[in-house]
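Input: a single structure, listed below in structure tokens.
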Amino acid sequence: MPETTTDIPTKINWEEIRAQFPVLQQEVNGKKLVYLDNGASSQMPKSVSDRIDAYHKNEHANVHRGIHSLSQKATDAFEATRSKVRDFINAVSLEEIIYTTGTTDSINLVAQSYGRKNFKAGDEILVSEMEHHANIVPWQMIAEETGAKLKVIPMNDEGELIMDKFYELFSDKTKMVAVVHVSNALGTINPVEEIIAAAHKRNVPVLIDGAQAVPHSKVDVQALDADFYAFSAHKMCGPTGFGILYGKKDLLNAMPPYRGGGDMIDKVTFEKTTWNDLPHKFEAGTPPISAGVGLGAGIDFLNQIGMEAIAEREHELLEYATEKLNQIEGLKIVGTADKKASVISFLLDGIHPTDAGTILDQQGIAVRTGHHCAQPIMQHYEIPGTLRASISFYNNEEDIDRLVEGIELVKEFFG
Ligand code: C6P
């Protein structure tokens with residue numbers, strides 16, 4: 001199997017790291033690209049796209065099926081990622097690492113499998129007001145089917161969960177807590193350790209949506225004691241179409257399969273089918289193999305820099321950007337929690353976010369505009385949406401300065 005090669009020096013030179021992202025070298029609308037939409041999807045370093053390319057050129061076959069050597073090679077490459085993920089999030093065993101197509105798929109798996117088996121009429125599922133739709137709708141769907149109800153932990157205007165309300169909402173009916181680790185629309189880092197500990201005192205399992213946490217900080221599922229933890233490859237320098245559900249082995253073992261088909265079975269007869277062992281019980285059909293291999297290379301890349309260094313650098317850029325944006329007249333940051341990851345949502349006085357985003361795009365500046373798939377957050381602030389700059393470790397101060405200049409131009413444009 002070809003090794004993943006990256007070129008990261010021992011002492012971190014962030015500009016050299018940035019240079020490893022070919023996509024960032026291009027011009028958009030005649031201007032050097034400033035990519036500040038990392039919350040939607042991060043960019044891919046050359047080592048990751050090279051690894052995916054090498055897989056297609058040298059190792060591709062279906063996995064877990066063939067006796068032939070190429071199939072074994074593909075299986076080895078694909079399964080190597082499982083060990084990397086286990087180590088990356090400090091899970092106990094490979095059986096706890098379920099391959100999915102992303103965070104959304106991971107949460108649907110738990111809602112449909114755990115929820116259908118365990119929820120009944122009158123039961124309650126606690127979610128928060130700052131969830132991404134991926135951590136609301138799957139629970140609503142299973143609630144509708146089983147007669148369970150959603151209860152919502154409110155947030156304050158800074159975008160922080162009101163923990164007193166969280167404790168008040170708990171009752172004997174609470175059967176699941178599902179909370180986002182880092183809000184994609186506000187950047188808030190939630191006190192998930194406290195939430196998990198409180199739920200466990202009441203024997204309630206907790207699912208954490210880690211889509212915006214795993215790419216930006218060291219996540220240790222054992223230290224957190226999370227029961228389920230979901231995240232996506234495409235936000236952590238990997239490809240789209242691949243993700244992870246971490247689950248505690250005992251819980252996963254007790255859950256029925258979510259999808260049926262090849263690979264997830266032990267024995268099939270027309271009378272009865274028995275299931276494969278973990279983790280394959282939850283992985284029906286041919287998976288996105290090259291994407292899985294790509295996630296492995298993404299993890300290698302992140303590990304070579306180090307998650308602590310990444311978190312530190314992104315915090316530095318967040319502080320720089322917050323200070324600069326706060327100096328712009330008529331700009332208001334939405335989401336001012338004490339503990340924040342490198343996401344800045346903001347509004348410009350009298351200018352619709354979509355109009356502002358269009359003018360920024362004309363200057364080669366990519367930000368996201370709208371509700372960021374978190375409509376209840378926008379309902380809280382009674383706004384249609386925001387502009388969102390989501391910063392990664394490969395951004396730099398010059399990107400932030402370009403954003404500031406861009407915003408000044410937007411203001412000029414709209415008078
Ligand atoms: N947020 C954003 O621009 P998928 O699409 O399954 O990879 O991830 C869904 C998801 C779940 N939870 C959180 C906190 C997320 O941020 C996302 C994806 C993107 O913010 C696209 S909407």
Side-chain angles (χ1 to χ4, degrees), residues 35-44 85 98-112 127-141 153 155 159 161 177-190 192 195 206-217 219 226 228-246 258 287-288 291-292 294-295 298 314 334-335 337 339-346 353-354 357 361 366-378 385-392 395:
Y35 187 76
L36 291 168
D37 195 18
N38 298 287
S41 226
S42 61
Q43 295 298 350
M44 195 182 276
V85 172
I98 312 294
Y99 287 161
T100 66
T101 61
T103 308
T104 305
D105 192 32
S106 300
I107 299 173
N108 274 281
L109 190 164
V110 179
Q112 289 297 318
V127 297
S128 88
E129 197 180 358
M130 70 173 83
E131 297 309 314
H132 185 280
H133 299 162
N135 205 22
I136 300 173
V137 185
W139 301 113
Q140 279 176 326
M141 288 164 70
I153 311 160
M155 64 177 193
L161 292 183
V177 177
V179 172
V180 70
H181 197 161
V182 173
S183 161
N184 67 314
L186 302 169
T188 309
I189 302 172
N190 282 318
V192 289
I195 289 171
V206 182
L207 177 141
I208 301 294
D209 171 354
Q212 301 288 347
V214 171
H216 304 290
S217 57
V219 168
F228 301 104
Y229 197 100
F231 54 102
S232 303
H234 69 98
K235 296 187 198 292
M236 46 194 294
C237 298
T240 52
F242 201 76
I244 299 294
L245 172 68
Y246 159 81
Y258 166 45
L295 172 61
E314 290 181 352
V334 180
K339 290 196 173 151
K340 269 190 75 170
S342 52
V343 171
I344 307 184
S345 259
F346 59 95
T354 312
D361 178 56
V367 295
R368 189 173 169 187
T369 63
H371 54 64
H372 315 301
C373 301
Q375 287 183 14
I377 293 183
M378 305 306 148
T386 68
L387 287 131
R388 184 190 69 178
S390 47
I391 302 165
S392 183
N395 287 120

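Order of listing sets the numbers, starting from 1, for every ligand and every atom in it.
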What protein heavy atom is closest to [atom], reported as residue, atom name and distance in Å?
{"atom": "atom 2 (C) of ligand 1", "answer": "Arg368 NH1, 3.0 Å"}
{"atom": "atom 6 (O) of ligand 1", "answer": "Thr104 OG1, 2.5 Å"}
{"atom": "atom 19 (C) of ligand 1", "answer": "Lys235 NZ, 3.0 Å"}
{"atom": "atom 15 (C) of ligand 1", "answer": "His132 CD2, 3.3 Å"}

* Heavy-atom side-chain contact between His372 and Ile377 under 4.5 Å -> no
Residue pair Asn184 / Arg388, side-chain heavy-atom distance below 4.5 Å: yes
Do [X] side-chain atoms and [Y] backbone N/O form a donor-acceptor pair below 3.5 Å?
{"X": "Ser106", "Y": "Ala230", "answer": "no"}
{"X": "Glu129", "Y": "Met155", "answer": "yes"}
{"X": "Gln212", "Y": "His181", "answer": "no"}
{"X": "Thr240", "Y": "His234", "answer": "no"}
{"X": "Ser183", "Y": "Ala185", "answer": "yes"}

Less than 4.0 Å is my threshold; does some heavy atom of His133 fall inside it relative to ligand 1? no
Note to self: So, 4.0 Å and heavy atoms of Glu131: is ligand 1 close enough to count as a contact?
What the structure shows: no
Honestly, for Cys373 the part within reach of ligand 1 (heavy atoms, under 4.0 Å) is side chain
Contact atoms of ligand 1, heavy-atom distance to [X] under 4.0 Å:
{"X": "Gly39", "result": "2 (C), 3 (O), 19 (C), 20 (O)"}
{"X": "Val180", "result": "14 (C)"}
{"X": "Ser232", "result": "4 (P), 6 (O), 7 (O), 8 (O)"}
{"X": "Gln212", "result": "1 (N), 14 (C), 15 (C), 16 (O), 20 (O)"}

Fill in: Worked verdict on Ile244 versus Val214 for side-chain contact (heavy atoms from CB on, under 4.5 Å)
CA-CA 11 Å; Ile244 299 294; Val214 171; over 6 Å; no
Heavy-atom proximity to atom 14 (C) of ligand 1 ranks first, among Asp209, Ile136, Asp37, for Asp209
Min N/O separation Arg388 to ligand 1 under 3.5 Å
yes
- Item | Ring centres under 6.0 angstrom apart (His133, His371) | yes
